[in-house]
Amino acid sequence: MNTKEIFKRLDLQHIRGFLLDGNACDNNVSDKSYDQRLKAAREAFFKKAGEKFSDDEIDDFDDDLFNYIDATQDVYMEIGLICGAVLTAQLLLTGETEVKE
């Protein structure tokens, strides 16, 4: 495969899937915006939660859920930044700064 073919397959969502889940090019690329993806996931979750919990229970659960999501988001963002820095350092150390055909 030549480099042009590699760059055609390059997508941030593929890299995210590989780094977080270990899935290589799992065709899990969405054309929806971040807001749309988050809204759909939230609505699906609370629909199912509403079938199992009372409104008061959901409100208490909601706070705990979002605290968990915030902590998870913080940790993965920090890990992602570190991974990006490590990859950048590796690229700079190899001296390969140009794409060769």
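The residues of the chain are indexed from 1 along the displayed sequence.
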Exercise. Linking I/L/V/M/F/W/Y whenever any side-chain heavy atoms sit under 4.5 Å apart, do F66 and L38 land together?
Worked result: no
Exercise. Atom CG of D64 and atom CD1 of I69: how far apart are they, to the nearest 0.5 Å?
Worked result: 11.0 Å
Exercise. What distance do Q36 atom CD and D31 atom CG have between them, rounded to the nearest 0.5 Å?
Worked result: 8.0 Å
Problem set entry | E78 side chain vs V75 backbone, donor-acceptor pair below 3.5 Å | no
For this session: Report yes if some heavy atom in the side chain of Q73 is under 4.5 Å from a heavy atom in the side chain of Y68; otherwise report no.
Result: no
Seminar exercise, completed: Looking only at heavy atoms, the pair that brings K32 and R37 closest together is O-CD, 3.5 Å
Exercise. Backbone N or O of A40 within a donor-acceptor pair of the E43 side chain at under 3.5 Å?
Worked result: no
For this session: State, yes or no, whether a side-chain contact exists between F46 and L65 at a heavy-atom distance under 4.5 Å.
Result: yes
